[in-house]
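Working notes for the structure below.
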Amino acid sequence: MNWFPVWRKKTALPEGGVIAPDETLPAGPTLILGLQHAVAMFGATVLMPLLMGLDPNLSILMSGIGTLLFFVITRGRVPAYLGSSASFVGVVIAVTGFTGQGLNPHLGLALGGIIACGAVYAVIGLIVMKTGAGWIEKLMPPAVTGAVVMAIGLNLAPVAIHSVSGSGFDSWVAVITVVCIGLVAVFTRGIVQRLLLLTGLCLAWAIYALLTNGLGLGKPVDFSALASAPWFGLPATTAPVFDLQAMIMIAPVAIILVAENLGHLKAVAGMTGNDMPPWTGRAFFADGLATLLSGAVGGCGVTTYAENIGVMAITKVYSTLAFVAAAVIALLLGFSPKFGALIHTIPAPVIGGASVVVFGLIAVSGARIWVQHQVDLSRNNHLIMVAVTLVLGAGNFSLNIGSFTLSGIGTATFGAILLNAFLSYPRKKTGQDASLPGRAR
């Protein structure tokens, strides 16, 4: 078998058909599709680094490099874009104590943890390449992954509220930002709706500039750095700091990334009719290696993006070459300091308002996992596992193990896995399971 497929050229999308991963449209339409994928990933890939105090310009660049790496390792068979992962936000903030203003002063600690996470993820990929992914689905069924994802979102809630409570003006700007995102989400259609975070952010940004630069109600937007920034140049990099406690806190995010990637592979397999399981291990390994490389220079950990799967579902074009085009566009943006300076002009209360929405969406996505996989929450083992996981995460329950402290997201993640394994252990049936107090039989 050739390393890459021989892409069959199609002059147009067949009537009622699809463009398969090993097919391609002419160069012009492929570039346009690449631009659409770049636009789809842009909002979250920029916003997540901002929430953690990372350089969004560098994260965009590393997302492009990571996507090309993914393309090579999966031998051009898996259509996917690797963008900034929201799963890192909670643990990075917990490790570094970042307050949401500017660049993270303890960024090195986060980077060491991101590298550890990437390494764990890559090792999981190598194991899956040898053994298959069945053990992962048993260890982390949808009931567990949904609970952990929801716990992460709830754990971030106090961070979001604190970031917009600096003054009364900041709080109202956050409310305006939430309303703007909500209006875009509900009353727009097509590509604008898919970019609801970015579009809502820009709208709130414009209102903020009107209130401050125009009416003098708050701290005005400073465009001086934008004017002086060059159009082309290398983004600044940051060296990682390898702190054992930070690494142990961030490394378990690999569990969430595995669940995300596996779900996305199944979705693509269902839409294309192609057999994706043979490439699952390679996809995990590529995603882990891309995360490791991104953390090594100062970028965000990455994951396959559902936003781009949505674009494929709409366009019916699954050609992997479209993602090569998207990655090249990301590289061009990453090598533009002026683009980075533009992003840094976004006011802190606007970012804080967006974080309220993003962290809430993370929590809700956990419930969506349960709904999509028809998780039976009437079963006592699921109820106990979910109940404990959510309280551990939302309450930021920490455990001290010698000089090491495992924070709320870590205790929630490991607690969910261990509780599920213990409570789901096969046992001799003695009739119907007893109901919990207050539950109807």
List the atom of [X], the atom of [Y], and the distance in Å for their closest heavy-atom pair.
| X | Y | result |
| --- | --- | --- |
| V120 | A254 | CG1-CB, 3.9 Å |
| L392 | T411 | CD1-O, 3.7 Å |
| M129 | R282 | CG-N, 3.7 Å |
| M62 | V297 | SD-CG2, 3.7 Å |
| C180 | G200 | CB-O, 3.7 Å |
| Y318 | P79 | O-CB, 3.3 Å |

Measure the [atom1]-[atom2] distance between [X] and [Y] for me, rounded to the nearest 0.5 Å.
| X | Y | atom1 | atom2 | result |
| --- | --- | --- | --- | --- |
| N57 | F335 | CG | CZ | 10.0 Å |
| I19 | L321 | CD1 | CG | 11.5 Å |
| T30 | L35 | OG1 | CG | 12.5 Å |
| T145 | N420 | OG1 | CG | 10.0 Å |
| K138 | S424 | NZ | OG | 12.5 Å |

Hey, is the main chain of V78 close enough, under 3.5 Å, to the side chain of T320 for a donor-acceptor pair? no
Would you check if the side chain of Y208 reaches a backbone N or O of V350 as a donor-acceptor pair within less than 3.5 Å?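 Side chain of Y208 to backbone of V350: no pair is present.
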S59 pairs by side-chain contact (heavy atoms from CB on, under 4.5 Å) with which of S294, P235, P49?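 Answer to the side-chain contact (heavy atoms from CB on, under 4.5 Å) test with S59 among S294, P235, P49: P49.
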Would you indicate whether the side-chain heavy atoms of [Y] and [X] approach each other to under 4.5 Å?
| X | Y | result |
| --- | --- | --- |
| L262 | F284 | yes |
| S336 | L332 | no |
| T177 | W205 | no |
| T188 | T199 | no |
| W370 | H382 | no |
| T303 | N261 | no |
| L107 | T96 | no |
| L69 | L293 | yes |

Output, in order, the C-alpha distance, side-chain angles, deciding distance and verdict of side chain to side chain contact (heavy atoms under 4.5 Å, CB included) for D22 and R8. CA-CA 7 Å; D22 60 352; R8 301 186 300 274; 3.1 Å; yes
Strictly by modelled atom types, are Y81 and T45 linked by a side-chain donor-acceptor pair under 3.5 Å? no
Solution key, residues 85-93 side-chain donor-acceptor pairs under 3.5 Å, sequence neighbours excluded:
from, atom 1, to, atom 2, distance (Å)
S85, OG, S87, N, 3.1
S87, OG, E260, OE2, 3.3

Assess the residue pair I384 and L423 against the criterion (side chain to side chain contact (heavy atoms under 4.5 Å, CB included)); give the C-alpha distance rounded to whole Å, side-chain angles, the decisive distance to 0.1 Å, and a yes or no. CA-CA 9 Å; I384 294 296; L423 298 177; 3.8 Å; yes
L51 and F98: side chain to side chain contact (heavy atoms under 4.5 Å, CB included), yes or no, with the steps? CA-CA 9 Å; L51 297 179; F98 182 60; over 6 Å; no
Tell me whether the rings of W7 and F71 are parallel (<30°), tilted (30 to 60°) or perpendicular (>60°).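 Answer is parallel, since the angle falls under 30°.
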